[in-house]
Amino acid sequence: MFASTCGARLLSAAAAAMLISAPVIAQNVGITVAPKAGLSVRAGQTGEVRLVLGMDAPWYVYAPTGANAKQGLIETHVRILPAAQIQFAPAQFPKAQPYGSFDVLRGRSNVVRQAFRVRPRTPPGAYKVKGYAEYQTCNGKVCLAPNRVPFSFVINVVAG
């Protein structure tokens with residue numbers, strides 16, 4: 001059974017180094033991009049973007065462990081679209097919490113780490129990166145329709 005879309009806030013982190021795009025309505029999940037300030041990366045170096053997924057009780061999302069997918073559930077994923085000058089590693093999710101036979105993420109501080117490397121010889125400048133989070137929000141009684149929330153941020157490449 002699917003309920004109608006429930007609104008939630010998209011917390012924006014505005015900074016010179018990284019900016020998230022305009023707020024988006026998300027089903028009981030707030031998304032913050034971090035760090036909020038101070039990220040600068042030289043060509044050939046690595047960095048890390050953190051996406052914080054937050055839910056108020058009793059809501060949760062299914063963790064991407066594979067166990068949920070085997071049961072036909074929608075696992076949470078973060079996708080970064082290809083960027084010519086920046087290479088992204090697979091997203092690293094926090095440890096899942098058991099919930100019956102499911103693996104879930106719940107609470108306000110689920111940090112998804114997304115490592116990246118700026119390609120050598122990348123010219124200095126601001127590089128906009130786009131991506132999205134996919135998830136299904138549930139509360140133990142009802143699951144909402146699967147959701148896809150776009151986000152974007154800027155990585156500033158500085159002269160080295």
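Everything numeric in this text was worked out from a predicted model, so none of it was measured. The figures that follow rest on heavy atoms only: side chains count, while hydrogens, waters and symmetry mates do not.
Closest approach of Gln114 and Val78 over heavy atoms only: OE1-CG1, 4.2 Å. Considering every non-hydrogen atom in both Pro150 and Arg148, the closest pair reads CD-O, 3.7 Å. Nearest heavy-atom pair, Ala96 versus Leu105, reported as atom, atom and distance to 0.1 Å: CA-CD2, 4.2 Å. The minimum heavy-atom distance between Ala133 and Ile31, with the atom names listed, is CB-CD1, 4.1 Å. Considering every non-hydrogen atom in both Gly44 and Arg117, the closest pair reads O-NE, 4.1 Å. Ala43 approaches Arg119 most closely through the heavy-atom pair CB-O, 3.7 Å.
The side-chain heavy atoms of Asn147 and Tyr132, taken from C-beta on, include no pair separated by under 4.5 Å. A 4.5 Å side-chain heavy-atom check between Phe88 and Val129 finds at least one atom pair inside the cut-off. Residues Gln85 and Val157 fail the side-chain proximity criterion, which asks for heavy atoms closer than 4.5 Å. Counting only heavy atoms from C-beta outward, the side chains of Met55 and Asn110 approach each other to under 4.5 Å. You'll find the side chain of Val49 reaches within 4.5 Å of the side chain of Val33, heavy atoms only. In this structure the side chain of Val158 reaches within 4.5 angstrom of the side chain of Arg42, judged on heavy atoms.
Hydrophobic clustering, with ILVMFWY side chains joined whenever heavy atoms are under 4.5 angstrom apart, groups Leu73 together with Tyr60. If you chain together hydrophobic residues whose side chains sit under 4.5 Å apart, Val104 and Val112 never meet in one group.
Between the NZ atom in Lys128 and the CG atom in Leu81 there is a gap of 11.5 Å [rounded to 0.5 Å].
Side-chain atoms of Glu75 come within 3.5 Å of backbone atoms of Gly66 as a donor-acceptor pair (strictly under, hydrogens ignored). Remark: the backbone N or O of Asp103 is paired with a side-chain donor or acceptor of Asn68 at under 3.5 angstrom.
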**Request:** I would like to know whether Val41 and Phe116 meet side-chain contact (heavy atoms from CB on, under 4.5 Å); could you show each step before the answer?
**Result:** CA-CA 10 Å; Val41 181; Phe116 67 88; 3.8 Å; yes
**Prompt:** When you look at Ile155 and Ile86, which way does the side-chain contact (heavy atoms from CB on, under 4.5 Å) test go after all the steps?
**Reply:** CA-CA 9 Å; Ile155 296 176; Ile86 303 167; 3.9 Å; yes
**Message:** The test is side-chain contact (heavy atoms from CB on, under 4.5 Å); show your working for Phe153 and Leu51 and say whether it passes.
**Reply:** CA-CA 11 Å; Phe153 53 90; Leu51 297 163; 5.6 Å; no
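Tyr62 pairs with exactly one of Tyr135, Phe102, Phe93, Tyr99 by the ring-ring contact (aromatic ring centres under 6.0 Å, His included) rule, that one being Phe102.
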